[in-house]
2 protein chains.
Amino acid sequence: MERIQRMTRQKKIILDILRSVKTHPTAEWIYQEARQQIPGLSLGTVYRNLNLLRDNGEIMELNYGSSQSHFDGTAANHYHFQCRECGGVYDLDLPLIKNIETKASGINGHQIDGHRLEFYGICEACLDRRRFEEND
Amino acid sequence: MERIQRMTRQKKIILDILRSVKTHPTAEWIYQEARQQIPGLSLGTVYRNLNLLRDNGEIMELNYGSSQSHFDGTAANHYHFQCRECGGVYDLDLPLIKNIETKASGINGHQIDGHRLEFYGICEACLDRRRFEEND
DNA sequence: ATCAAATTAGTAATGATTATTCATAAGGAT
DNA sequence: ATCCTTATGAATAATCATTACTAATTTGAT
């Protein structure tokens with residue numbers, strides 16, 4: 001027996017914000033943005049709605065490599081890059097690796113139904129800032 | 001100037017435990033194991049030593065967002081599988097994908113120096129348990 | 001418009017991890 | 001071996017992201 005979900009103003013605004021940005025912000029960042037439209041919004045509401053949207057398969061939660069989770073308005077699998085310096089998460093337009101799950105299944109007894117690939121390094125913006133700072 | 005580190009009894013036991021298991025346990029699990037050898041050991045000591053060992057490049061920390069980190073006695077990059085049901089983390093003996101970082105670098109301005117590939121699904125043990133439970 | 005159920009804001013609680021404290025133990029120069 | 005410096009230990013408190021709780025409000029089907 002599944003619960004009926006309502007599209008509240010809060011949930012809609014949260015989803016709109018997430019769909020409108022190219023980056024993958026944290027709950028806290030989304031909270032600060034949404035408060036410009038709903039000043040009395042509470043952070044708990046942001047977390048609750050993000051979890052609902054994730055459970056519905058409407059958004060993706062990216063939760064490794066740093067303390068806070070990042071959220072991605074696109075639900076289909078794709079790959080990401082995270083900056084070791086600023087923690088920012090960016091999309092990486094690399095095609096999905098085909099058959100890798102089948103290949104991985106073949107060598108053990110686990111049932112594999114998903115994979116995730118993340119890259120790490122220094123992002124373009126942090127590289128630029130470094131170059132600027134060393135020219136003093 | 002780098003600090004000199006001492007190989008204390010606690011640090012050695014923690015490292016030995018981590019090297020002796022095939023799984024990738026949490027700090028809490030290691031704590032419980034190590035207390036059988038050092039009953040008065042504190043959890044803080046386990047965390048501090050795990051962080052030191054990670055910073056030294058002797059072990060790897062696998063963190064999955066807000067839940068507990070898992071630790072891996074092997075420092076070199078390799079791929080993992082995490083069970084959606086029990087949360088257990090296992091090695092996956094799949095060869096490293098060559099040149100993927102170079103390929104990923106080519107399509108953007110980030111400086112990429114690492115990658116991480118994770119698989120998800122239901123582990124062998126949980127599959128077995130399910131089969132057992134449906135035969136009632 | 002009515003009304004039960006779902007959702008909210010606000011706050012308290014949780015849980016993993018880190019920092020602090022201070023007594024003890026280890027390393028190195030003499 | 002002695003002394004001095006510094007790391008380590010255990011215990012506890014603090015932190016931070018996230019979740020749970022509760023009374024009041026809002027939603028959407030009727």
Side-chain angles (χ1 to χ4, degrees), chain A residues 1-18 24-56 58-72 82 87-89, chain B residues 1-18 24-56 58-72 82 87-89:
Chain A
M1 164 156 352
E2 68 211 32
R3 304 170 28 135
I4 294 152
Q5 272 190 37
R6 293 171 182 169
M7 181 51 72
T8 63
R9 192 158 95 89
Q10 287 83 346
K11 191 191 281 182
K12 184 164 184 354
I13 286 173
I14 288 165
L15 186 56
D16 284 349
I17 288 173
L18 199 48
H24 303 320
T26 62
E28 179 66 35
W29 189 94
I30 296 166
Y31 170 58
Q32 297 300 343
E33 282 295 302
R35 283 221 293 180
Q36 296 179 13
Q37 298 178 60
I38 310 176
L41 182 71
S42 85
L43 183 56
T45 297
V46 175
Y47 273 105
R48 184 161 21 76
N49 279 305
L50 286 171
N51 287 347
L52 284 170
L53 291 165
R54 179 204 54 210
D55 293 346
N56 296 346
E58 298 185 70
I59 66 171
M60 206 195 304
E61 181 178 2
L62 306 171
N63 66 358
Y64 62 46
S66 72
S67 50
Q68 295 177 76
S69 277
H70 291 252
F71 293 87
D72 186 332
Q82 182 170 37
V89 177
Chain B
M1 64 186 69
E2 67 211 34
R3 352 192 306 172
I4 293 152
Q5 271 190 39
R6 297 169 187 167
M7 182 51 72
T8 63
R9 189 159 96 91
Q10 286 80 350
K11 191 191 284 182
K12 185 166 184 350
I13 287 173
I14 288 166
L15 186 56
D16 285 349
I17 288 173
L18 201 48
H24 302 319
T26 62
E28 180 67 36
W29 188 94
I30 295 166
Y31 170 58
Q32 297 300 344
E33 282 294 302
R35 282 221 295 180
Q36 296 179 13
Q37 297 178 60
I38 311 175
L41 181 71
S42 85
L43 184 56
T45 298
V46 174
Y47 273 107
R48 183 155 28 75
N49 279 305
L50 286 171
N51 288 348
L52 285 169
L53 290 165
R54 178 203 55 208
D55 294 344
N56 296 344
E58 298 184 71
I59 66 172
M60 205 195 304
E61 180 179 1
L62 306 171
N63 60 11
Y64 296 87
S66 56
S67 56
Q68 296 177 73
S69 278
H70 291 253
F71 292 88
D72 187 331
Q82 183 174 38
V89 177

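Naming convention: chains lettered A, B, ... in sequence-line order (proteins, then strands); numbering from 1 in each chain. What you see is a predicted model, and the numbers here were worked out from it, not measured in a lab.
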Starting from [atom2] on [N], measure out to [atom1] on [X] and report it in whole angstrom.
{"X": "A/Leu52", "N": "C/dT7", "atom1": "CG", "atom2": "P", "answer": "7 Å"}
{"X": "A/Arg35", "N": "C/dG10", "atom1": "CZ", "atom2": "C1'", "answer": "12 Å"}
{"X": "A/Tyr47", "N": "C/dT8", "atom1": "OH", "atom2": "C1'", "answer": "18 Å"}
{"X": "A/Met7", "N": "D/dT27", "atom1": "CE", "atom2": "P", "answer": "12 Å"}
{"X": "B/Ile30", "N": "C/dA16", "atom1": "CD1", "atom2": "C1'", "answer": "14 Å"}
{"X": "A/His70", "N": "D/dA17", "atom1": "NE2", "atom2": "P", "answer": "11 Å"}
{"X": "B/Tyr31", "N": "C/dA16", "atom1": "OH", "atom2": "P", "answer": "13 Å"}
{"X": "A/Arg48", "N": "C/dT11", "atom1": "CZ", "atom2": "P", "answer": "15 Å"}

Report the distance from atom [atom1] of [X] to atom [atom2] of [Y], rounding to the nearest 0.5 Å.
{"X": "A/Ile59", "Y": "A/Leu53", "atom1": "CD1", "atom2": "CG", "value": "5.0 Å"}
{"X": "B/Gln32", "Y": "B/Leu43", "atom1": "CD", "atom2": "CG", "value": "8.5 Å"}
{"X": "B/Ile30", "Y": "B/Leu18", "atom1": "CD1", "atom2": "CG", "value": "5.0 Å"}
{"X": "A/Leu52", "Y": "A/Lys11", "atom1": "CG", "atom2": "NZ", "value": "5.0 Å"}

Report task. Describe the nucleic acid contact of A/Thr26 in one word from base, sugar-phosphate, nothing, applying a heavy-atom distance below 4.0 Å. Result -> nothing

Query raised in the report: Which part of the nucleic acid, if any, lies within reach of B/Gln10 when heavy atoms closer than 4.0 Å are counted: base, sugar-phosphate only, or nothing?
Result: sugar-phosphate

Requested in this report: Just jot down the side chain to side chain donor-acceptor pair (under 3.5 Å) partners of A/Tyr31, sequence neighbours excluded, or say none.
Outcome: A/Arg35

Requested in this report: Compare every heavy atom of A/Leu50 with every heavy atom of A/Ile14, then report the nearest pair and how far apart it is.
Outcome: CG2-CD2, 3.8 Å

Query raised in the report: How far apart are the closest heavy atoms of A/Leu41 and A/Ala34, and which atoms are they?
Result: CD2-CB, 3.4 Å

**Report entry** Residue pair A/Gln10 / A/Asn49, side-chain donor-acceptor N/O under 3.5 Å
**Finding:** no

Query raised in the report: If we ignore angles and hydrogens, is there a donor and acceptor under 3.5 Å between the side chains of A/Arg48 and A/Asn51?
Result: no

From [options], nucleotide with atom closest to [X] side chain:
{"X": "B/Asn49", "options": "D/dG9, D/dT18, C/dT17", "result": "D/dG9"}
{"X": "A/Gln5", "options": "C/dT7, D/dT19, C/dT18", "result": "C/dT7"}
{"X": "A/Arg6", "options": "C/dA4, D/dT8, C/dT17", "result": "C/dA4"}
{"X": "B/Thr45", "options": "C/dT17, D/dA10, D/dT18", "result": "D/dA10"}

Looking only at side-chain N and O atoms, does [X] come under 4.0 Å of OP1 or OP2 in [N]?
{"X": "B/Thr8", "N": "D/dA7", "result": "no"}
{"X": "A/Ser69", "N": "D/dT18", "result": "yes"}
{"X": "B/Asn51", "N": "C/dT17", "result": "no"}

Report task. Using modelled atom types only, decide if a donor and an acceptor are shared between the side chain of A/His24 and the backbone of A/His70 within a distance under 3.5 Å. Result -> no

Report summary line: Numerically ordered, the residues 37-44 of chain A set in heavy-atom contact under 4.0 Å with DNA chain C is A/Gly40, A/Leu41, A/Ser42

All N/O contacts under 3.5 Å from nucleotides 22-24 of chain C to the protein, with atom names and distances to one decimal?
none

